[in-house]
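Reading through the structure tokens given below for one structure.
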Amino acid sequence: MRLSLALALLTLTAAATPQLYSYRQVRERVFKDPLTTPPPVETPEELGILKALLSGGLNARFAGTFADASDFKDPARKLIHRPGICADGTWRIDVENPATGLLAVGTEVPAILRFGVGTNHVARPARGGRTFGLAVKLFPTQDPDQPVATRNLFIFDQYGLDGHARDHVLTPDEGGEPIVLSNHTPANTLQSKLVSELVLARFDKTPLSRPLYPLTEVDAQGRPVSWPHTPDVIQLVPQKVRPRPLPPDFREELRSYAPDELVFDVVLPRQALVVERIRIGTLTVHHWVLSETCDGALHFHHHPTR
């Protein structure tokens with residue numbers, strides 16, 4: 001299926017050299033004018049998302065997402081992952097492992113995160129579930145004022161694009177399995193298969209597996225790695241989750257964590273290059289923020305599969 005002329009032009013325009021920002025610039029913009037309460041969310045319109053899929057609206061959005069390497073874009077009403085919450089954090093690798101670059105031992109760089117929900121339900125709906133995703137923007141530098149090309153990581157929980165009917169984003173229901181986030185995303189339902197095969201697959205040959213080479217080809221000082229070693233799978237596992245009761249709105253749930261209380265273990269499961277599952281480091285979340293920039297202008301580039 002060929003891209004339309006409009007989509008092709010969009011891709012070429014977005015592929016232009018992006019403006020580089022420093023960590024401090026990105027953080028200040030995301031945290032500027034914070035909202036004291038979560039903004040209201042319109043009633044989710046799954047039919048509207050389907051119409052956008054059939055009309056090509058989602059195609060245009062994803063074309064820009066894969067092609068545009070900028071940290072910010074023109075704010076526009078999102079079709080999916082509309083409500084979200086952002087945070088600053090620190091990415092730290094403290095265990096020797098086979099990977100290179102930002103996955104190598106001794107790495108410590110700042111990060112900006114955004115949790116979003118693909119189905120746009122901020123609380124568990126009466127029927128069905130929610131699709132939770134986390135985007136992590138890493139800044140390969142030791143100088144917070146140095147403009148750099150950021151490296152982005154996209155992960156979903158173990159239920160992937162299919163979604164899951166649980167009350168909370170990180171705390172499983174009673175008797176449920178612990179939440180594990182990964183760059184490999186299941187898609188087994190009809191709706192998730194449609195999004196994957198009719199939209200995402202047009203712009204990336206492995207849409208359900210986000211590549212990790214952006215994290216292994218540059219080190220914590222922004223220097224290129226001569227011989228990168230790149231794993232296929234990475235996981236983020238929360239060390240400790242808050243006990244109930246928790247707010248039903250996932251944004252309020254995450255805001256209930258105090259600074260530095262939420263820590264994810266960075267894990268490489270068994271795979272090529274990795275003989276046994278190994279915890280290699282942590283992602284520590286410092287401060288949460290609700291803002292228009294977080295939900296509108298902040299952009300996480302989908303690095304395409306090579």
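This chain uses plain numbering: 1 for the first residue, then up along the sequence.
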Salt bridge or not between [X] and [Y]? Use side-chain N to carboxylate O under 4.0 Å.
| X | Y | result |
| --- | --- | --- |
| Arg114 | Asp295 | yes |
| Arg166 | Asp173 | no |
| Arg251 | Asp249 | yes |
| Arg242 | Glu261 | yes |

* Aromatic ring centroids of His168 and Phe250 under 6.0 Å? -> no

Does one hydrophobic cluster hold both [X] and [Y], with members joined at side-chain heavy-atom distances below 4.5 Å?
| X | Y | result |
| --- | --- | --- |
| Val122 | Leu35 | yes |
| Leu236 | Trp288 | yes |
| Ile155 | Ile278 | yes |
| Phe132 | Tyr257 | yes |
| Val26 | Phe31 | yes |

* Asked: Parallel, tilted or perpendicular for His299 and His301, by the 30°/60° rule?
  -> tilted

Going by heavy atoms in the side chains, are [X] and [Y] under 4.5 Å from each other?
| X | Y | value |
| --- | --- | --- |
| Leu298 | Ile112 | yes |
| His287 | Asp260 | no |
| Leu283 | Thr90 | no |

* Does any N or O in the side chain of Arg124 come within less than 3.5 Å of the main-chain N or O of Arg130, such that one atom is a donor and the other an acceptor? -> no

* Asked: Does Asn97 use its side chain to pair, donor to acceptor, with the backbone of Leu103 at less than 3.5 Å?
  -> yes

* Asked: With a distance cut-off below 6.0 Å to the six-membered ring centre and an angular limit of 45° from the axis, does Arg29 pair with Phe72 as a cation-pi contact?
  -> yes

Among side-chain atoms of [X] and [Y], is any donor-acceptor pair under 3.5 angstrom?
| X | Y | answer |
| --- | --- | --- |
| Asp157 | His164 | no |
| Gln146 | Thr141 | yes |
| Gln239 | Asp265 | yes |
| His229 | Thr100 | no |

* To do: Please name the pair of heavy atoms, one in Leu273 and one in Pro231, separated by the smallest distance, quoted to 0.1 Å.
  => CD1-N, 4.4 Å

